[in-house]
Amino acid sequence: MVKKPLELPKMRGVEDLLSMDVESPTATATVNIDKIRLPAQQPRRYFDPEKLNQLVQSVKEHGILQPLLVRAVGGEYELVAGERRLRAAKAAGLTEVPIITKELSDHQTLQIALLENLQREDLNPVEETEGILELLSIELDVNSGEVISILNQVANAKKRGLELTENVSRQLEIMESVLSGVGRFSAESFRTSRLPLLNLPDDVLEILRQGKIEYTKARAIAKLKDDGERRELLDKVLNENLSLSEIKQLVKELTPGKITVKETLNAKYSELGKRLKNAQVWEDAKKTKKLEKLLSDLEQLLE
């Protein structure tokens, strides 16, 4: 019997991956909970303690209603989907849990883990953005910086009325297909509404990751460049549950004057430097030559 290959490009969610045709999938079984281990590579997750505790109580009353998805590794099982249920089962004191075993590659395992995470109801914007970015990286077989570079190339080409290269056009098609499967964004809306979030200061990003503030409030707080003032404002927002308008007013009071032209140009220079590191301009001789001339002109201007 010839084993049918697993095909993923058109997947539209966890359900599609779970229904893939694999040779002799193992039916639901019950195993010792200590035989299940977490994978070495898995999406970053923040689990709300209160909601996790609610699940623990449910597990104590009703048990695990949906089997965990695992794959066999050696004499143990590696978890593929169902980390919250596994954590709840351990906290509830269960010694055995129901599982479904499937034969999956490392690539497919990470895809399923990412998709499952993206379908969580309590998913926060940071995890959502990071998860989608990693999923796009897997599908395109590039790093996350290159994904961002491709998205910016597409946006710049559209803005200038230029045609995309065949390679970028193909990459965009793959990204649109993945995003359509996730069901939340187009490539452009993901670029404009989610990627900027990853540039927030670390302290604001962490609070947002934990779901303690909304994205709109996080963006307003991030406008404070002084670390101490921003930390104080964050504490005040968390302790007093300030509204967005109250936050904006406090930021305005703490921001002296308007941003100068020098600060604006420095910010643009910094941003261009970051984009240049991941740009594919170096692969094009004409673009490289043009870039060298622009840098030369800039040096002459500064002298």
Open item on the list: Between Asp106 and Arg71, does any NZ, NE, NH1 or NH2 come within less than 4.0 Å of an OD or OE carboxylate oxygen?
Closed with: yes

Residues Gly228 and Asp226: closest non-hydrogen pair is N-OD1, 3.0 Å

- Message: I'd like to check Arg37 versus Val73 (side-chain heavy atoms, cut-off strictly below 4.5 Å). Are they in contact?
- Response: yes

Go through it in stages, so that I can follow the logic: the residues are Val126 and Leu197, the test is side-chain contact (heavy atoms from CB on, under 4.5 Å), and I'd like the CA-CA distance, side-chain angles, deciding distance and then a yes or no.
CA-CA 7 Å; Val126 181; Leu197 163 156; 4.0 Å; yes

Item checked: More than 12 heavy atoms of other groups within 6.0 Å of Asp141 CG -> no

Answer whether the closest heavy-atom distance between the side chains of Leu38 and Glu83 falls below 4.5 Å. yes

Taking every heavy atom of Ile112 against every heavy atom of Ala81, the minimum-distance pair comes out as CG2-CB, 4.2 Å

Val59 vs Arg85, test: side-chain contact (heavy atoms from CB on, under 4.5 Å). Steps then yes/no. CA-CA 8 Å; Val59 169; Arg85 278 168 280 151; 6.0 Å; no

Under a 3.5 Å distance rule, please check whether Gln108 uses its side chain to pair with a backbone N or O of Ser105 as donor and acceptor.
yes

Original post:
Does Leu68 reach the side chain of Val80, with side-chain heavy atoms less than 4.5 Å apart?
Top reply: no

Within one Ile-Leu-Val-Met-Phe-Trp-Tyr cluster: Ile36 and Val56, side-chain cutoff 4.5 Å: no

To the nearest 0.5 Å, atom CD1 of Ile213 lies from atom CG of Asn241 at 11.0 Å

**Item:** Min side-chain heavy-atom separation Glu134-Glu130 under 4.5 Å
**Value:** no

State, yes or no, whether a side-chain contact exists between Ile148 and Asn152 at a heavy-atom distance under 4.5 Å. yes

Per side chain to side chain contact (heavy atoms under 4.5 Å, CB included), Ile132 is matched among Leu136, Thr129, Leu135 by Leu136

Note: Ala220 and Leu244 closest approach over all heavy atoms is CB-CD1, 4.1 Å

- Query: If you draw a 6.0 Å radius around OH in Tyr77, do more than 12 non-hydrogen atoms from other residues or ligands fall strictly inside?
  - Reply: no

On a heavy-atom basis, the closest approach of Gly75 and Lys35 is O-CD, 4.5 Å

**Item:** SB check Glu188 Lys158 (cutoff 4.0 Å)
**Value:** no

Please indicate whether Glu163 has more than 12 foreign heavy atoms, meaning atoms of other residues, nucleotides or ligands, lying under 6.0 Å from its CD.
-> no

One should read off an interatomic distance between Thr30 OG1 and Ile64 CD1, to the nearest 0.5 angstrom, of 11.0 Å

Open item on the list: Is the shortest side-chain heavy-atom distance between Asp227 and Arg231 below 4.5 Å?
Closed with: no

query: Within a reach of under 6.0 Å around CG of Asn199, are more than 12 heavy atoms found that belong to other residues, nucleotides or ligands?
result: yes

Between the side chain of Thr255 and the main-chain N/O of Val251, is any donor-acceptor distance below 3.5 Å? yes

>> Using side-chain contact (heavy atoms from CB on, under 4.5 Å), reason through Ile207 and Val237 one step at a time and then give a plain yes or no.
In response: CA-CA 11 Å; Ile207 296 298; Val237 170; over 6 Å; no

Heavy atoms, side chains only, cut-off 4.5 Å: are Val204 and Arg230 in contact? yes

Is it the case that the side chains of Gln57 and Glu61 hold a donor-acceptor pair, with the cut-off being a distance below 3.5 Å and no angle test? no

- Query: Given side chains that start at C-beta, do those of Asn53 and Glu50 come closer than 4.5 Å, heavy atoms only?
  - Reply: no

Output for pair (Gln171 CD, Met175 CE), nearest 0.5 Å, gives 6.5 Å

Is it true that, when you exclude Glu166 itself, more than 12 heavy atoms of the residues, nucleotides or ligands shown sit nearer than 6.0 Å to its CD?
no

| task | Show your reasoning for whether side-chain contact (heavy atoms from CB on, under 4.5 Å) applies to Glu176 and Phe185. | result | CA-CA 9 Å; Glu176 292 289 13; Phe185 306 98; over 6 Å; no

Looking only at heavy atoms, the pair that brings Tyr215 and Ser193 closest together is CE2-O, 3.4 Å

Distance only, no hydrogens: is a donor on one side chain within 3.5 Å (strictly under) of an acceptor on the other, for Ser180 and Ser177?
no

**Report entry** Within 6.0 angstrom of Glu76 CD, more than 12 heavy atoms from elsewhere
**Finding:** yes

task: For Gln153 and Asn156, test the side chains for any donor-to-acceptor distance below 3.5 angstrom and give the result as yes or no.
output: no

d(Lys290 NZ, Thr288 OG1) to nearest 0.5 Å is 12.0 Å

CZ (Arg84) and CG (Leu52) are apart, to the nearest 0.5 Å, by 6.0 Å

CD of Glu206 to NZ of Lys212, rounded to nearest 0.5 Å, is 8.5 Å

Residues Ala91 and Lys60: closest non-hydrogen pair is O-CE, 4.5 Å

